[in-house]
Trainee: 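Below is the structure I would like to discuss, written out as structure tokens.
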Amino acid sequence: MGKNVLKTLKETFRKLAISPLQRQIEKTMQDMHPEAASLMEQLGHPRLHSQIKRNGKQCYAEGNSIHLITNEKAAVETEAEMVYAAMVDMAEKKGLGNDVLAAERRDINSRIYTDWQDDCTRFKLSDLNHGATGQNAKLLRACIKFLEEADLPQCNTVAELLRDNDMTVNLRPAQNSALSGSFSPDSKELTLFYDPEMDEADIIGKLCLNIVHETCHYDQDRKGIMADSMGDVNAYREIFHLNELQAHTAQYKTALQLLMKSSHYPDFAEGKTDIEALTEKLGTSAQLQDRICFQHLCQSRVGTTILSNLQQHSLYGDKPHIAHAETMVKEALCRGEITSLTESGAEYDTNSLSRMQRYAHSHISVMNYSVARGGGMDFDTAVAKHFDAPLGLDKTGNTVPFANTKLSFVSPVTKRDISVGAIEMLWERAGFEQNGLKNLGQASEAVLAKTAPTAPRQVQKTGSRFSAGSG
């Protein structure tokens with residue numbers, strides 16, 4: 001049997017085996033793009049998986065498959081363009097791309113993935129170097145420029161991860177959005193939202209560190225620690241807690257370090273400037289680093305808690321400096337706002353939940369579960385991977401006390417008031433309880449204690465509350 005005959009038979013069998021939708025899209029693609037047939041051949045004819053969603057408009061390559069998400073009203077020509085662009089992306093990831101294909105992909109994305117002003121909302125990092133226009137491209141360029149030029153290890157690392165992996169970033173204007181951003185472990189894409197009514201400097205300031213947060217999740221996914229520990233269902237919350245703590249710490253630590261390096265810090269630390277006056281100075285500054293501090297320290301609950309705690313430490317006699325930034329951030333995230341400082345230590349507000357307490361008690365209400373992505377690693381290994389520099393956490397201060405069961409908070413998904421006790425009951429039913437531990441993260445801290453090279457840096461009961469350890 002000749003090679004051509006065998007090839008024809010294989011192609012006929014393949015077409016019979018695939019879905020009618022894939023056959024239709026492949027035909028439409030070839031009608032619109034003459035090189036589509038050759039591209040499919042080079043890629044081994046990727047399998048198409050389709051899904052209908054009311055507001056769906058996404059197509060991405062995952063492994064050797066193409067995932068298409070559209071609504072029922074989408075024209076087959078539009079779907080074929082989306083699939084073709086995803087195939088080009090797959091080819092680029094496999095080292096089979098070229099300049100002509102890349103230009104076609106950029107053209108398709110600029111026409112299909114747009115906001116209400118017809119500005120493109122979906123970019124690979126390399127697209128920014130090829131004339132991408134519009135407000136979204138302008139904002140993203142400004143964010144990447146800050147990350148590349150910031151003299152902070154975590155920012156430089158984020159910039160390298162985005163650039164070296166040619167990450168896809170979706171940047172979408174959305175008023176009153178409940179979300180600031182997300183990372184998809186399936187498509188390996190960052191999605192970020194911003195309020196178009198905000199001042200441009202504030203939009204960039206907010207987006208810069210939201211990118212840091214979501215890129216931390218991308219790095220976690222690369223290391224296999226995006227979801228649970230794969231071996232023990234009760235460890236799910238521990239790993240998820242570390243995922244979120246690492247991302248939030250990198251985000252707020254950056255803002256605090258920028259403040260501590262600024263001319264505004266000495267007066268604030270000494271109590272000559274209060275939070276209101278600092279907010280006024282940062283919010284009217286033309287400097288991007290000041291607007292980043294404004295957005296993340298003055299305009300958020302976590303940020304104002306950090307500032308309040310910092311000033312209380314300083315006025316008590318401690319002098320926090322840039323080496324203590326991570327300690328200050330984790331104190332606010334895990335413990336909450338200081339109500340008093342004495343020689344016996346700090347006391348915290350127990351009538352409201354810290355950010356990490358809200359996370360600890362909200363996962364089941366948010367339904368924020370995902371397929372295990374850890375490659376079969378054990379719990380100890382999964383924990384340890386959260387402490388790899390430079391995005392890694394410091395090895396101390398990573399636990400959060402469980403809150404009073406009578407306390408309640410507003411679910412970020414349902415927008416309804418939900419009690420801590422109710423959430424704990426749901427966790428217990430689902431088998432995710434922490435076996436009576438009073439602090440989320442105690443099991444993780446036990447893992448770290450086995451390899452801790454130095455004594456932990458922490459608040460002391462007497463004398464200076466900060467050691468000279470690195471932050």
Side-chain angles (χ1 to χ4, degrees), residues 3-98 100-102 104-109 111-113 122 124 165-168 170 182-191 218 221-222 224 226-227 230 369-376:
K3 289 184 178 180
N4 289 338
V5 175
L6 184 59
K7 182 178 179 181
T8 301
L9 286 173
K10 285 182 177 180
E11 179 63 14
T12 301
F13 178 79
R14 189 188 70 81
K15 287 184 177 180
L16 290 172
I18 62 176
S19 69
L21 174 64
Q22 182 162 353
R23 283 197 296 272
Q24 184 181 24
I25 284 181
E26 286 186 2
K27 181 181 183 306
T28 306
M29 267 200 306
Q30 292 178 72
D31 291 341
M32 300 173 73
H33 299 280
E35 53 284 318
S38 173
L39 185 60
M40 282 191 290
E41 184 75 24
Q42 290 182 70
L43 295 173
H45 295 279
R47 176 74 67 167
L48 177 66
H49 301 277
S50 64
Q51 186 177 3
I52 298 294
K53 287 188 177 180
R54 184 166 58 88
N55 295 317
K57 186 186 284 188
Q58 187 183 19
C59 192
Y60 59 89
E62 182 184 22
N64 294 315
S65 300
I66 302 291
H67 294 259
L68 171 68
I69 302 170
T70 62
N71 57 51
E72 293 177 337
K73 297 180 181 179
V76 68
E77 290 80 9
T78 299
E79 293 178 332
E81 290 270 66
M82 294 166 66
V83 171
Y84 183 70
M87 280 179 43
V88 173
D89 183 38
M90 177 186 286
E92 290 171 333
K93 290 174 180 175
K94 292 177 178 289
L96 301 173
N98 57 54
V100 174
L101 290 175
E104 284 190 284
R105 177 184 53 75
R106 289 193 295 270
D107 177 65
I108 292 170
N109 287 350
R111 289 186 282 105
I112 291 179
Y113 302 103
R122 191 181 193 189
K124 293 181 75 169
N165 295 280
D166 201 10
M167 289 288 293
T168 295
N170 300 285
S182 64
F183 165 71
S184 168
D186 297 321
S187 65
K188 303 294 187 286
E189 295 181 7
L190 308 185
T191 298
Y218 168 64
D221 186 62
R222 291 169 70 240
M226 189 63 205
M230 290 40 82
Y369 299 115
S370 59
V371 176
R373 309 184 73 88

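These numbers come from the heavy atoms of this one structure, side chains and all, not from hydrogens, waters or symmetry mates. Predicted, not measured: the structure shown is a model, and the values here were computed from it.
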Trainee: Is the NZ atom of Lys53 crowded by more than 12 outside heavy atoms at less than 6.0 Å?
Mentor: no
Trainee: Mind checking what makes salt bridge (Lys or Arg N to Asp or Glu O under 4.0 Å) contact with Lys94, not counting sequence neighbours?
Mentor: none
Trainee: Flag the pair Asp89 and Arg105 as a salt bridge only when some basic side-chain nitrogen lies within less than 4.0 angstrom of an acidic carboxylate oxygen.
Mentor: no
Trainee: Any donor-acceptor pair under 3.5 Å linking the side chain of Gln24 with the backbone of Pro20?
Mentor: no
Trainee: List the atom of Ile66, the atom of Pro46, and the distance in Å for their closest heavy-atom pair.
Mentor: CG1-CB, 3.9 Å
Trainee: Indicate yes or no: at least one non-hydrogen side-chain atom of Ile25 is less than 4.5 angstrom from one of Leu68.
Mentor: yes
Trainee: Nearest 0.5 Å please: distance from the OG atom of Ser65 over to the CG atom of Asp186.
Mentor: 11.5 Å
Trainee: Taking atom CE of Met167 and atom OH of Tyr218, what is their separation to the nearest 0.5 Å?
Mentor: 5.0 Å
Trainee: Just by modelled atom types, is the Leu48 backbone N or O under 3.5 Å from a matching donor or acceptor in the Gln22 side chain?
Mentor: yes
Trainee: Let me know which of His49, Gln58, Glu62, Arg47 forms a side chain to side chain donor-acceptor pair (under 3.5 Å) with His67.
Mentor: Glu62
Trainee: For residues 71-88, run the donor-acceptor check on the side chains, cut-off 3.5 Å, and write out each pair with its distance to 0.1 Å, sequence neighbours left out.
Mentor:
{"residue": "Asn71", "atom": "OD1", "partner": "Lys73", "partner atom": "N", "Å": "2.9"}
{"residue": "Asn71", "atom": "OD1", "partner": "Ala74", "partner atom": "N", "Å": "3.0"}
{"residue": "Glu79", "atom": "OE2", "partner": "Thr70", "partner atom": "OG1", "Å": "2.8"}
{"residue": "Glu81", "atom": "OE1", "partner": "His33", "partner atom": "NE2", "Å": "2.6"}
{"residue": "Glu81", "atom": "OE2", "partner": "Arg111", "partner atom": "NH1", "Å": "3.2"}
{"residue": "Glu81", "atom": "OE2", "partner": "Arg111", "partner atom": "NH2", "Å": "2.8"}
{"residue": "Tyr84", "atom": "OH", "partner": "Glu35", "partner atom": "OE2", "Å": "3.1"}
{"residue": "Tyr84", "atom": "OH", "partner": "Glu104", "partner atom": "OE1", "Å": "2.9"}

Trainee: Can you measure from CZ (Arg122) to CZ (Arg106) and round to the nearest 0.5 angstrom?
Mentor: 14.5 Å
